[in-house]
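Structure, as structure tokens:
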Amino acid sequence: MNLEIGQKIEVEAFELDRFGQGVCRYQDMVVFVYGLLQGEKALVTVTKLKKTYVIAEIKKLLIPSKIRKTVASKLGALDLYHVQDKEQSIHQKQVTQDTLNRALGYDVLVSDTLSGEQTLNYRNKVVYHVLNDSLMRLGLYQKEPIELIEVHTFILNSLSIQRTISKIQQQSIEVDPLIFKHIVLRSNEQGQVLVTLVAYEKEFKGLTELVQVIKNFKEVVGITLNIKPNEKQILGTTSYLLHGKNELSFKLNHTQLKINDQSFLQVNQEMMLKTYDLIATYVEGKKLIDCYSGVGSIGLYLRHKVKEIIMIENNPENIVMAKENAKLNPGKYQILEGDAKKMIKHVDGDILVIDPPRNGLDPQFIDTIINKRIPQVIYLSCELNTLQRDLKILSPHYEIKEVTPIRMFPQTTSMETLVLLTRKI
Ligand SMILES: C[S@@+](CC[C@H](N)C(=O)[O-])C[C@H]1O[C@@H](n2cnc3c(N)ncnc32)[C@H](O)[C@@H]1O
């Protein structure tokens, strides 16, 4: 193979992979082209040469696919925007099916993707990054090459977040981009907004001016300053209240929920409710363990379905919030703080709901579930790769009853998957 960077070649994608790349073959090489769909032909420019594969970008689309909606977005956060909405759901089901079949070595039955009506403006949390400029400019990451670009309208923003960020972006404020790094905006269904300024230090140039401006926006219920712990993590564990309250309330059908600037909550409320309603149909038993429970959204939502709920969560801030949320939604709860793999050894229940972070389950945690013979396990996963790894270990002991891909993040390749498992005799 004698390809060179910058060379133009004609390729056809035989597959759209789970990262939104068209997979093509050129001579003996695999070529990945972001934004190229299955069956599409394009003239592409080689941008990276690796030992076993090549990365190229579309120069000219020669034969477009019927499922294409528009040209691919530059933004990493919109990496499936060019695909029609219905086809995004079909793609998600296919990727889930292929990944699980490959891992488990048999045909896993995967349901149709659970989808919603609101495929734009659904995000109730968005992180804007401060660009490297002395006058404040805010943006998002571009996909290829990965770099920050200024963005004024982001079509996944909830309408209230879009309104707030537009007003912030109209300000001309001098800042130090080496210290002031992000603005995180969260909104609820009432259109209220919690704004978090994220910086490496408690004081920075432009802070007072920014707070003066933002606190006058009537939708803003609170402004906090969070101290960024390192380059990789957006938010740290220290927050200071600068205005209003560090709290946002949500009404999730029969459940009231409060979060703060550090809490996890699914970003798409319509799909969160659809997911929780589906989980509710699985729940049949007395004692439910909600593990990786965050501020308690899943356990609280299911409180009418069981006699008792045990929550396990390792973040002390979330534990405080979960206890407040428990008071808002009376029921019988035990809220336990600690590492899931240790805590799970000390509790019993007949239903286990697990909603871990992207890195999935610890082998020690899986061993304990298997040894305890918990009859029903409901696994909500935000990372298909760790889900398939964990299901491989669980599957000799648990039957995979139902797998539902969830379209939690329309216009993107990110996906959520819900799996119902029952103990084999
Ligand atoms: C994906 S979130 C789910 C939160 C909650 N179920 C919800 O939907 O609102 C994962 C949660 O697991 C918690 N967590 C991460 N590692 C943990 C561990 N080793 N033990 C217990 N909880 C953990 C995080 O703090 C976070 O709240």
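Just follow the structure's listing: the first ligand is 1, and inside any ligand the first atom is 1.
Contact between S187 and R123 at its shortest, heavy atoms only, is OG-O, 4.3 Å.
With 3.5 Å as the limit, one finds no donor-acceptor pair spanning the side chains of N246 and T224. In the model, K69 has a side-chain atom that pairs as donor or acceptor with a side-chain atom of Q411 under 3.5 Å.
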Margin query: The test is side chain to side chain donor-acceptor pair (under 3.5 Å); show your working for N124 and Q269 and say whether it passes.
Written below: CA-CA 8 Å; N124 63 28; Q269 188 158 336; 4.9 Å; no
Next item on the list: Verify side chain to side chain donor-acceptor pair (under 3.5 Å) between S89 and S115, making sure each step is shown before the conclusion.
Entry: CA-CA 7 Å; S89 296; S115 312; 2.9 Å; yes
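Looking from atom 22 (N) of ligand 1 to the surrounding protein, the closest heavy atom is N314 N, 3.2 Å. Nearest protein heavy-atom neighbour of atom 19 (N) of ligand 1: D339 OD1, 2.9 Å. Atom 13 (C) of ligand 1 has its closest protein heavy atom at E313 OE1, 3.2 Å.
Residue-to-ligand polar distances keep N315 apart from ligand 1: every N/O pair is separated by 3.5 Å or more. Distances between N or O atoms of A340 and those of ligand 1 include at least one value under 3.5 Å.
Contacts of Y301 with ligand 1, taken as heavy-atom pairs under 4.0 Å, are absent altogether. Counting heavy atoms closer than 4.0 Å to ligand 1, residue D362 contributes nothing at all. Of the heavy atoms in C382, none comes closer than 4.0 Å to ligand 1. Looking at S293 against ligand 1, only its backbone comes within 4.0 Å, counting heavy atoms.
Remark: N371 CG is packed, more than 12 non-hydrogen atoms of other residues, nucleotides or ligands lying under 6.0 Å away.
To the nearest 0.5 Å, the span separating CG on L16 from CG on L80 amounts to 6.5 Å.
Less than 4.0 angstrom separates some heavy atom of P356 from each of these atoms of ligand 1: 1 (C). For ligand 1, the atoms sitting less than 4.0 Å from at least one non-hydrogen atom of G294 are 4 (C), 5 (C), 27 (O), numbered in the order shown with element in parentheses.
Between the E219 side chain and the S160 main chain, no donor and acceptor come within less than 3.5 Å of each other. At distances below 3.5 Å, at least one donor-acceptor pair connects side-chain atoms of Q118 with backbone N or O atoms of N121.
Considering only non-hydrogen atoms, atom 8 (O) of ligand 1 lies nearest to D355 out of D290, I344, D355. The closest heavy-atom contact to atom 9 (O) of ligand 1, among the options P357, S297, G296, comes from S297.
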